[in-house]
Amino acid sequence: MVSRSLPSLVPERLGNVIAGELAAPSGWFEKVDPHTGAVLVEAARSTATDVDAAVLAAGTSQPAWSRTPGVQRGLHLHAVADELERRADEVAAIVSCETGKSIGDARGEVAGAVALGRFFAGEGQRLFGRTTQSSAPGRLALTVRDPVGVAGLIVPANTPIANVAWKVFPALICGNAVVLKSAEDAPATAAAFEVVARRAGLPAGILSVVHGYGGEAGDALVRHPGVGVVSFTGSTRTGRRIAVAAAERLARVSLELGGRNALVVCDDADVDLAVHWALLSAFSNAGQRCAAASRLLVFDGVYEQFRDRLVAKTSALRLGVEDTDDLGPVINEAALVRLLATVDAGVDAGARLLTGGGRSSDPTHRDGWYMAPTILEDVPPGTPLGCEELFGPVTVLDRVGSLEEAIHAVHASDYGLTASIHTRDWNRAMAFLRHVRTGVVSVNGGTYGSEPHMPFGGTGASGNGSREPGTEALDVYSELKTLYLNSDTDLVGERSHG
Ligand code: NAD
């Protein structure tokens, strides 16, 4: 297996970057290429001491940034987005090396990050508050957005450059300074973003990047009293821990967590279209999407037809890191081991394996973390395969007899991130859209993530009710302040003392 190397955009060893300077960390860890199993790069294994230095630097730089007019902050963000676009090939190569996705998919992700940057750069010209009525004469009431202060951002590795952009751009446009804790499986992508931002002229200290493990660097960031808002994307298990830790000091927390998303196929659906979207929703990015369709709820009348076509198409999917391949490896060995064990336990409990179920048998995948795309049916509901988030190229087929039963099955999960229905019946579609309790619902499409200008987030175990990105993200990263302007104090009189 030919080992791959990172473009020179990032240094050979990834130290923390604090206030624009490389900082010597407390230790190092190795990041492995999921395609080859070879060490790709060493990154800082930060401790609370390293995190403290980053938060202090951010706190020092933030006041000047917050006093910079929003429009000027927006121009800085435009410059970062432009530089990211200019460097798209190098950044995509880094994303591809770190995650094992193809260059084509990685380029698409970089384009999404650029679009996100431009959307929030434009917000610098708006950052709307409200101007409204007061009960008193001669008084004007309005709201403005203040920054929270220092934003501690924690991200996963599945779509690493999009995850970074999703949080850093809105945090910055609101006037916060950022300390970004990279995903331990994608430190070079976060490092590349910082380099791009620095080259684009973003003031030093506004964006610091620390690498390291969640229980060490991540936990220290969550607990740091200098961090005003913690925005976290990752698993529900970690999200719960973060919510508890942040609650102790009443820090604001935005949690974008896991999913176990259902795609429903009705008996009047265009079955080929449903198969197309089920394939993409279950297996793109090797199923490592919070929005992945890990449940396919299929009406009795089309069950066999849908199943047989889906299994045939799934068996023909190509694995690898080329643009002609359909999916790559999973992110690390632990994820592969967990997925294989989950499937084995489900089969032991009575689930029927329709395709996949093991490591890829292709000898060129021998050293990487490749799992064959897997479909099962008759899965016992109480097993991890039947109820937990899978986060890999595995999906489960279930029969349903009616729309009511399908909606009931969607709600049987603790998660509520996304859902999709395939039907030609407008009434069915409308009933599903209105009654399903998930953050995103689609008709005749996939279980989607979100566009830069639209809010994303989920119900139940999928989050804590916050929504990012879209203008809704501005509420995560800003404090609303109510202003009263009394233009004629004689008129305002007694009634102003509320
Ligand atoms: P994870 O929770 O293990 O880790 C995510 C990040 O949290 C990493 O940077 C990690 O270092 C850090 N972390 C871990 N423990 C921590 C702690 N105690 N304190 C602070 N930080 C800590 O998740 P993962 O397996 O890396 O990522 C996959 C998960 O992310 C899936 O559950 C997926 O659904 C979810 N996800 C959600 C969204 C969304 O928008 N809802 C998007 C992408 C991924």
Side-chain angles (χ1 to χ4, degrees), residues 29 31 34 43-46 48 51 98-99 109 112 152-167 179-187 189-190 209-224 227 230-246 251 253-261 285-294 330-332 334-336 338-339 388-392 413-418 438-440 447-450 454-470 472-473 476:
F29 72 96
K31 155 66 191 163
R45 181 173 170 179
S46 308
V51 169
E98 288 202 304
T99 61
E109 207 189 295
L153 310 181
I154 302 175
V155 290
N158 62 332
T159 48
I161 190 68
N163 294 346
V164 166
W166 181 289
K167 296 194 183 301
V179 177
L180 169 67
K181 206 295 275 172
S182 68
E184 51 268 59
D185 283 308
T189 302
V209 176
V210 295
H211 307 290
Y213 294 130
E216 299 171 358
D219 184 64
L221 190 58
V222 170
R223 292 179 192 277
H224 199 293
V227 173
V230 175
S231 178
F232 169 78
T233 298
S235 65
T236 297
R237 199 171 57 144
T238 307
R240 278 205 179 95
R241 271 196 205 149
I242 288 176
V244 170
V253 189
S254 171
L255 301 174
E256 302 285 349
L257 308 178
R260 191 176 162 90
N261 312 284
N285 206 14
Q288 298 166 114
R289 296 166 56 244
C290 54
S294 46
V330 295
I331 194 69
N332 56 37
L336 180 63
R338 171 185 61 77
L339 285 160
E388 289 180 2
E389 179 179 37
L390 299 174
F391 213 64
S413 168
D414 292 341
Y415 297 97
L417 200 52
T418 79
T438 57
V440 181
T447 48
Y448 295 129
S450 227
M454 298 296 282
F456 187 68
T459 62
S462 292
N464 66 341
S466 69
R467 294 289 184 268
E468 301 181 52
E472 288 74 8
V476 170

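Throughout, numbering of the chain's residues begins at 1 and tracks the sequence. Counting convention: from 1, in listed order, for ligands and their atoms alike.
- Contacts between Glu184 and ligand 1, counted as non-hydrogen atom pairs separated by less than 4.0 Å, involve the side chain only.
- Given atom 39 (C) of ligand 1, the protein heavy atom at minimum distance is Cys290 SG, 3.3 Å.
- Using a 4.0 Å threshold on non-hydrogen atoms, atom 25 (O) of ligand 1 does not count as touching the protein.
- Glu109 is listed as a side-chain neighbour of Pro160, based on a closest heavy-atom distance under 4.5 Å.
- With respect to atom 43 (C) of ligand 1, the closest heavy atom belonging to the protein is Asn158 ND2, 3.3 Å.
- In this structure, the protein non-hydrogen atom closest to atom 27 (O) of ligand 1 is Pro156 CB, 3.4 Å.
- By the 30° and 60° cut-offs, the orientation of the rings of Trp166 relative to Phe456 is perpendicular.
- Considering backbone and side-chain N/O of Ser462, none are found under 3.5 Å from N/O of ligand 1.
- Taking every non-hydrogen atom of Ala183 and a distance limit under 4.0 Å, the qualifying atoms of ligand 1 come out as 9 (O).
- Residue contacts with ligand 1: Phe232 is included, with a non-hydrogen atom under 4.0 Å away.
- Rounding to the nearest 0.5 Å gives a distance of 12.5 Å between CZ of Arg260 and OG1 of Thr447.
- Considering backbone and side-chain atoms together, Val155 places an N or O closer than 3.5 Å to an N or O of ligand 1.
- To the nearest 0.5 angstrom, Thr238 atom OG1 is 8.5 Å from Leu257 atom CG.
- With a 4.0 Å heavy-atom cut-off, ligand 1 is reached by the backbone of Ser182 but not by any atom from C-beta on.
- In this structure, Asn464 CG and Arg240 CZ are separated by 12.0 Å, a value rounded to the nearest 0.5 Å.
- Some N or O of Glu389 is nearer than 3.5 Å to an N or O of ligand 1, by distance alone.
- Among protein heavy atoms, atom 33 (C) of ligand 1 sits closest to Phe391 CE1, 3.3 Å.
- With contacts defined as side-chain heavy-atom distances shorter than 4.5 Å, the pair Val179/Val227 does not qualify.
- Summary of contacts: the protein heavy atom closest to atom 41 (N) of ligand 1 is Leu257 O, 2.7 Å.
- Rounding to the nearest 0.5 angstrom, the gap separating the CG atom in Asn285 from the SG atom in Cys290 is 10.0 Å.
- In this structure, of Gly234, Gly258, Ser450, Ala245, the residue bringing a heavy atom nearest to atom 35 (C) of ligand 1 is Gly234.
- For the pair Pro156 and Ala183, the tightest heavy-atom approach, listed with the atom from each and the gap, is C-CB, 3.4 Å.
- Looking at Gln288 against ligand 1, nothing comes within 4.0 Å, counting heavy atoms.
- Relative to atom 16 (C) of ligand 1, the option among Thr233, Thr238, Val222 with the closest non-hydrogen atom is Thr238.
- Counting heavy atoms from C-beta on, the side chains of Ile331 and Asn158 never come closer than 4.5 Å.
- Residues Val222 and Ile154 form a side-chain contact, since some pair of their non-hydrogen atoms from C-beta on lies under 4.5 Å apart.
- For atom 21 (N) of ligand 1, a protein heavy-atom neighbour is present inside the 4.0 Å cut-off.
- Nearest protein heavy-atom contact of atom 23 (O) of ligand 1 is Ser235 N, 3.4 Å.
- Any N or O atom pair closer than 3.5 Å counts here, and Thr236 shares no such pair with ligand 1.
- Under the 3.5 Å distance criterion, with hydrogens and angles disregarded, no donor-acceptor pair is assigned to the side chains of Glu389 and Thr236.
- Close N/O approach between Gly214 and ligand 1 is found [any backbone or side-chain N/O within under 3.5 Å].
- At a heavy-atom cutoff of 4.0 Å, ligand 1 is contacted by no atom of Asn163, backbone or side chain.
- Considering backbone and side-chain atoms alike, Phe456 places every N or O at 3.5 Å or more from each N or O of ligand 1.
- Contact between Gly416 and Ser462 at its shortest, heavy atoms only, is N-OG, 3.0 Å.
- Listed by number with element, the atoms of ligand 1 under 4.0 Å from a non-hydrogen atom of Ile154 are 6 (C), 7 (O), 9 (O), 12 (C), 20 (C), 21 (N).
- Considering only heavy atoms from C-beta on, Tyr415 stays 4.5 Å or farther from Thr438 through its side chain.
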Intermediate values then yes/no, salt bridge (charged side-chain N to carboxylate O under 4.0 Å, His left out), Arg45 and Glu216: CA-CA 8 Å; Arg45 181 173 170 179; Glu216 299 171 358; 2.6 Å; yes
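- Interface atoms of ligand 1 facing Gly218, defined by a heavy-atom separation under 4.0 Å, are 19 (N), 20 (C), 21 (N).
- The closest approach between Ala157 and ligand 1 stays at or above 4.0 Å for every heavy atom of the residue.
- For ligand 1, the atoms closer than 4.0 angstrom to any heavy atom of Ile242 are 19 (N), 20 (C), 21 (N).
- A 4.5 Å side-chain heavy-atom check between Glu98 and Asp185 finds every atom pair outside the cut-off.
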